[in-house]
Amino acid sequence: MIDLQLLRTELASVTERLAQRGFQLDCQAFESMELERKKVQTDTQELQARRNALSKQVGQLKAKKEDASALMAEVNAQAEQLKRLEGELESVQLRLNEFLMGIPNLPQATVPQGHSADDNVRLREVGVPKTFDFTVKDHVDIGEQLGQLDFDTAGKISGARFSVLKKDVARMHRAIAQLMLNTHIEEHGYTEVYAPYLVSGECANGVSSLTKFKDDLFKIEGRDLYLIPTAEYPVTNFVRQQILNLDQLPLKFVCHTPCFRSEAGSYGKDTRGMIRQHQFDKVELVQIVHPDRSAEAHDALTLHAEAILKKLELPYRTMVLCTGDMGFSSSKTYDIEVWLPGQSAYREISSCSNFEAFQARRMQARFRNEKNKTEPVHTINGSGLAVGRTLVAILENYQCSDGSVMVPKVLQPYMGGIERIHSVA
RNA sequence: GGAGAGAUGGCCGAGUGGUCGAAGGCGCUCCCCUGCUAAGGGAGUAUAGGCUCAAAACGCUUAUCGAGGGUUCGAAUCCCUCUCUCUCCGCCA
């Protein structure tokens with residue numbers, strides 16, 4: 001949620017900054033709602049104050065066993081008007097809130113301007129895509145020929161966009177998650193957490209906009225519960241409706257969960273293979289930080305995610321998303337893209353965003369600052385990394401001409417020391 | 001699933017339909033006293049809004065005692081619904 005005070009005091013500049021990310025703010029609607037709110041709210045509160053004062057007098061009179069019927073009649077006389085005003089106030093505040101909740105975050109000044117993914121800016125490129133002296137296959141062909149990646153069985157059980165992994169590939173999938181978790185807790189100072197895979201609508205709305213994105217989520221029938229599309233949902237909400245002490249910051253959590261996405265808006269996109277699934281595993285990094293330090297923490301978190309790719313010796317590049325390509329809640333986003341030989345392309349494997357106070361205001365996550373005043377915290381998160389896509393990248397980058405796949409050195413200890421995955425046949 | 005108990009400020013804990021945003025205690029902050037330490041005395045100490053203001057402070061004001069409704073001139077207190085916690089029984093990975 002955008003800062004209401006800012007909207008009131010700097011409407012023009014806010015509108016301009018929102019326009020950079022392609023959002024047209026309806027200033028007129030806002031101003032007229034604000035005007036209405038102000039009038040209705042002051043009128044209502046005036047009447048409430050009067051009622052409270054009179055009621056107090058009634059109590060005093062009754063304590064002295066005197067007649068209070070005149071005062072009671074006076075309160076009754078305004079009761080209907082008060083009720084009407086209270087209703088109006090509720091309605092205008094509801095509308096105002098809905099309006100606010102529909103406004104995306106303001107982009108940081110350092111975010112490049114642009115309209116689409118084409119305008120994203122490359123921040124760095126690490127590693128060089130390997131050249132192969134044979135015709136490369138994509139992960140689907142590799143995995144199926146190994147007999148350890150099975151989309152037919154998955155389809156039979158659950159339908160499209162699911163996968164079944166077997167034997168060494170299944171084990172590698174698990175090993176990847178272990179490597180990521182261990183790296184982040186041992187080398188980057190994160191605290192491992194295990195969290196629910198179902199969250200309430202309220203929590204979903206805290207990190208994103210439930211009304212805007214509920215089609216992307218799987219909902220539990222008849223209950224206010226959603227399957228998480230990322231561990232960001234439960235973990236960021238750890239601090240919802242809390243006031244943290246200054247010395248508790250920063251909080252750094254790492255959490256491995258499956259993620260569930262309906263992929264409602266991506267029919268026909270990435271239908272082949274494991275790139276875009278209804279269910280995939282992800283190791284998520286979440287930081288709750290002091291506002292003064294969110295930018296540096298965001299950069300650091302992104303490097304924490306990149307460290308995994310370095311360990312796996314996978315070529316990648318890191319992009320700064322332009323204003324037009326950023327997510328709704330983000331003030332700045334880095335995408336990490338891994339090289340996939342099967343597609344001859346860099347594909348997203350992590351997205352690291354600084355939400356600044358946007359989520360914190362929605363969640364009412366605050367801390368006591370140096371002046372002992374409550375202030376919203378800043379929240380940051382990023383994939384560190386998507387496990388399924390990492391598996392895809394390894395299969396494709398480590399493939400050999402005979403159809404086998406080398407196991408990256410760093411994963412071998414997690415896989416009983418095996419150095420290569422062979423076909424089961 | 002059955003039976004019962006409960007939810008109050010940072011924490012513990014009191015609370016009769018009326019001067020209760022809430023006694024008392026602990027903790028914390030500031031001040032005083034005390035030549036160390038300990039003890040003692042005093043004051044302060046919720047959150048989110050609104051109005052006023054250039055702005056902050058002050059001031060005025062509204063809401064909040066798990067959540068949401070209701071009764072009432074007036075609700076922490078009475079009624080209804082929901083959520084959560086605890087105890088016992090049953091079932092169970």
Side-chain angles (χ1 to χ4, degrees), chain A residues 1-13 30-101 194-206 210 220 222-226 234 237-249 357-377:
Chain A
M1 180 162 60
I2 205 158
D3 184 0
L4 181 57
Q5 295 301 340
L6 197 69
L7 209 57
R8 284 185 185 137
T9 52
E10 290 168 44
L11 186 59
S13 79
F30 173 72
E31 282 181 315
S32 76
M33 259 189 286
E34 255 299 280
L35 215 66
E36 187 184 347
R37 191 226 91 229
K38 193 164 171 171
K39 171 150 180 49
V40 176
Q41 184 163 359
T42 45
D43 288 357
T44 306
Q45 294 191 349
E46 234 167 73
L47 270 189
Q48 285 171 328
R50 174 134 190 84
R51 179 204 58 200
N52 291 347
L54 288 174
S55 294
K56 205 173 229 179
Q57 288 178 37
V58 170
Q60 285 164 347
L61 286 179
K62 291 217 165 179
K64 286 185 269 178
K65 300 219 192 299
E66 287 173 31
D67 178 43
S69 54
L71 290 175
M72 280 158 68
E74 196 178 340
V75 181
N76 270 328
Q78 63 162 49
E80 202 174 308
Q81 194 195 357
L82 179 59
K83 202 168 178 181
R84 201 195 75 235
L85 277 172
E86 282 175 338
E88 274 177 37
L89 181 62
E90 196 186 337
S91 133
V92 70
Q93 278 178 333
L94 223 63
R95 274 182 285 136
L96 202 54
N97 195 46
E98 207 170 298
F99 180 82
L100 279 178
M101 288 298 231
Y194 171 83
Y197 302 161
L198 293 166
V199 296
S200 66
E202 209 182 4
C203 284
N205 213 27
L210 187 56
I220 302 300
R223 302 206 44 180
D224 183 35
L225 282 175
Y226 298 82
N237 274 294
F238 280 9
V239 294
R240 76 178 289 107
Q241 287 167 4
Q242 266 204 323
I243 301 173
L244 298 159
N245 288 326
L246 190 58
D247 59 15
Q248 287 177 276
L249 300 177
F358 192 82
Q359 295 180 327
R361 272 191 294 267
R362 286 176 166 247
M363 295 188 297
Q364 292 189 69
R366 293 149 292 169
F367 74 107
R368 232 171 258 291
N369 65 20
E370 290 80 354
K371 290 176 187 158
N372 220 31
K373 292 247 181 197
T374 57
E375 182 182 344
V377 294

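This is a predicted model, so every value here is computed, not measured. Note on naming: letters A, B, ... go to the chains in the order of the sequence lines (proteins, then strands), and numbering restarts at 1 for each one.
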Side chain of A/Q45 - closest among B/U19, B/U61, B/C51: B/U61
Sugar-phosphate only, base, or nothing, as touched by A/K39 at under 4.0 Å among non-hydrogen atoms: nothing
Basic-acidic side-chain contact under 4.0 Å: A/E375, A/R368: no
Side chain of A/R51 (C-beta onward), nearest among B/U61, B/U19, B/C73: B/C73
B/A14: pairing nucleotide in any strand, Watson-Crick or G-U under 3.5 angstrom: none
Base partner of B/C51, which must satisfy Watson-Crick or wobble distances under 3.5 Å: B/G59
Complement of B/C88, any strand, by Watson-Crick or G-U distances under 3.5 angstrom: B/G2
Side chain of A/S55 (C-beta onward), nearest among B/U47, B/G49, B/C73: B/C73
More than 12 heavy atoms of other groups within 6.0 Å of A/R84 CZ: yes
Under 4.0 angstrom between A/Q5 side-chain N/O and B/G50 OP1 or OP2: yes
Distance in angstrom units between A/D43 CG and B/C60 P, rounded: 21 Å
Selected nucleotide, minimal atom distance to A/R8 side chain, candidates B/U61, B/G50, B/U19: B/G50
Side-chain N,O (A/R366) to OP1/OP2 (B/A48) below 4.0 Å: yes
d(CG, A/L82; P, B/U72) in whole Å: 14 Å
Which residues share a side-chain hydrogen bond (donor to acceptor under 3.5 Å, both in side chains) with A/E370, sequence neighbours left out: A/H290
Most 5' of A/R223 and A/T374 on RNA chain B, judged by nearest nucleotide: A/T374
Whole-Å distance separating the CD atom of A/E86 from the C1' atom of B/G50: 15 Å
Distance, rounded to the nearest Å, where A/Q78 contributes CD and B/G74 contributes C1': 12 Å
Shortest side-chain distance from A/Q60, nucleotide among B/U19, B/A48, B/G50: B/U19
Nearest-Å distance for atom pair CD/C1', residues A/E46 and B/C60: 11 Å
Flag for A/E86-A/Q48: side-chain donor and acceptor within less than 3.5 Å: yes
Pairwise P distance, B/U85 and B/A22 [rounded to whole Å]: 32 Å
Donor-acceptor under 3.5 Å (A/R366 side chain, A/T374 main chain): no
Distance, rounded to the nearest Å, where A/L6 contributes CG and B/A55 contributes P: 15 Å
Whole angstrom value for the distance that separates P of B/G49 from CZ of A/R361: 10 Å
Under-4.0 Å side-chain N/O to phosphate OP1/OP2 contact, A/K373 with B/A57: yes
Assigned partner base of B/U83, Watson-Crick or wobble definition, under 3.5 Å: B/A7
Watson-Crick/G-U partner (both atom distances under 3.5 Å) of B/C33: none
Any A/N52 side-chain N or O less than 4.0 Å from OP1/OP2 of B/A63: yes
First of A/Q48 and A/M72 reached from the 5' end of RNA chain B, by closest nucleotide: A/Q48
Short side-chain N/O contact to B/U62 OP1/OP2 from A/R50, under 4.0 Å: no
Check: A/Q93 side chain, B/G49 base, donor-acceptor under 3.5 Å: no
Euclidean distance, atom NZ of residue A/K56 to atom C1' of B/C20 [Å, nearest integer]: 9 Å
Watson-Crick or G-U counterpart of B/A76, or none if no pair lies under 3.5 Å: none
Sugar-phosphate only, base, or nothing, as touched by A/K62 at under 4.0 Å among non-hydrogen atoms: base
Mate of B/U64 where both pairing distances stay under 3.5 Å, Watson-Crick or G-U: B/A46
